[in-house]
Amino acid sequence: MKKLWVRVLLFTVSALLLLANIAAASTCLISQYQPEMPQCLRR
Amino acid sequence: MSYLAFSKRLAGYLTGKTGLATEKRDVLAYIIEVLVINLTNVIAALMLGAFLGVLRGTVACLVAATLFRQTAGGAHSESPWRCAVVTVAVFPALARLAAFLSKYAQTAFIDILAAVAVAAGFLTVILLAPVDSPNAPVLSPFRRKKLKVLSLAVFMIISAAAIILRRSDWVYAPEISVCLVLSVIWVSFMLSGPGHRAMRFIDEIKIGRR
């Protein structure tokens, strides 16, 4: 059960990192607030 | 990096459990914050739109503004809460105004409004886009050029959709067409200097005792 949970977390983290890269390609999303983008995502 | 407490806590938990490098924690906190704030704002705007009886129009305004802002950018608020108030209030209000105008305004007035939107949108995209934020600067000149071309393409697609809908027989076409026109005006305003000053003004409004 613990192994499965770690796999779910790994999948979630991978999806979030992919989304972070996709979001970094646009100037902003919908709303008027832009949190500080980490240096490694800036391009 | 200053993120909200929930983003930092969740990112810390995910990093710890998966054994990820610590520098990825900021990336996770960033994307969690972006997703949660944007999803909350969209859901709240849709709920307010439904409450005002303009859900369809609110969806049209959100889609048009999202597509446009993805590439063209625009003014940002420094506070997620003030941003939420602006986002949640503006899109249902634009949809409500569009519903009113499509029902009661003369065709000539809507045509003039559409012409103003096209002119304002075209000029702001050509002169200003992409408008980046200091928190997420566009560093590469190539990427800047690409975003300008893409924002011009998005602007042309939205304008074409508004024109096609004006000639369509679909019962909701006039309302959606005016929604697109008003969204282009809103995003053009957010790209401009007055739009930035308006967001700065909202950021400077004092709420309660400090």
Side-chain angles (χ1 to χ4, degrees), chain A, chain B residues 1-4 7 11 13-15 17-18 20 23-24 26-35 37-38 40-42 45 62 65-66 69-84 86-87 90 129-140 143 147 151 190 199 202:
Chain A
M1 197 66 186
K2 202 177 171 188
K3 255 186 178 176
L4 181 71
W5 181 238
V6 172
R7 278 186 185 180
V8 170
L9 291 179
L10 276 170
F11 176 78
T12 310
V13 164
S14 308
L16 286 172
L17 291 176
L18 177 71
L19 276 172
N21 278 288
I22 293 169
S26 63
T27 44
C28 69
L29 287 179
I30 308 158
S31 61
Q32 321 293 122
Y33 176 65
Q34 173 66 56
E36 194 180 348
M37 187 185 277
Q39 289 292 337
C40 60
L41 288 178
R42 295 185 182 190
R43 53 192 173 209
Chain B
M1 300 272 163
S2 55
Y3 297 115
L4 297 172
S7 334
Y13 173 78
L14 288 170
T15 317
K17 287 284 174 186
T18 54
L20 212 65
E23 66 258 29
K24 293 284 180 206
D26 280 345
V27 178
L28 288 175
Y30 169 74
I31 193 63
I32 289 166
E33 192 153 315
V34 165
L35 287 175
I37 288 173
N38 281 289
T40 311
N41 289 351
V42 166
L62 277 169
T66 303
R69 275 181 75 90
Q70 286 271 326
T71 51
H76 286 93
S77 168
E78 283 171 17
S79 148
W81 314 116
R82 288 165 199 253
C83 143
V86 172
T87 308
V90 162
V131 177
D132 51 353
S133 139
N135 280 344
V138 177
L139 302 174
S140 145
R143 194 175 153 232
L147 285 168
S151 52
M190 280 294 117
M199 287 312 291
I202 291 168

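In this structure, A:Leu16 and B:Ile31 approach most closely via the heavy-atom pair O-CG2, 3.6 Å. Taking both residues in full, the closest heavy atoms of B:Asn135 and A:Arg42 are given as O-NH2, 3.3 Å, listed atom of the first, atom of the second, then distance.
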Under 3.5 Å donor-acceptor pairs involving side-chain atoms of residues 7-14 of chain A, not counting sequence neighbours:
from: A:Thr12; atom 1: OG1; to: A:Val8; atom 2: O; distance (Å): 2.7
from: A:Ser14; atom 1: OG; to: A:Leu10; atom 2: O; distance (Å): 2.8

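Comparing A:Pro35, A:Ala20, A:Ala24 by heavy-atom pairs within less than 4.5 Å of chain B, the highest count is held by A:Pro35. Chain A forms more heavy-atom pairs under 4.5 Å with one residue of B:Ile202, B:Val131, B:Thr18 than with any other, namely B:Thr18. For the set B:Val27, B:Asp132, B:Thr15, the count of heavy-atom pairs under 4.5 angstrom toward chain A peaks at B:Val27.
Only the side chain of B:Ile32 comes within less than 4.5 Å of a heavy atom in chain A; its backbone stays farther off. Neither the backbone nor the side chain of B:Ala29 has a heavy atom closer than 4.5 Å to any heavy atom of chain A. Both the backbone and the side chain of B:Ser140 come within contact range of chain A, judged by heavy atoms closer than 4.5 Å. Interface remark: B:Leu4 contributes no atoms to any contact with chain A (heavy atom separation under 4.5 Å).
With sequence neighbours left out, A:Ile22 forms a side chain to side chain contact (heavy atoms under 4.5 Å, CB included) with A:Leu18.
Note that the CG atom of B:Asp26 and the CE atom of A:Met37 stand 13.0 Å from one another [nearest 0.5 Å].
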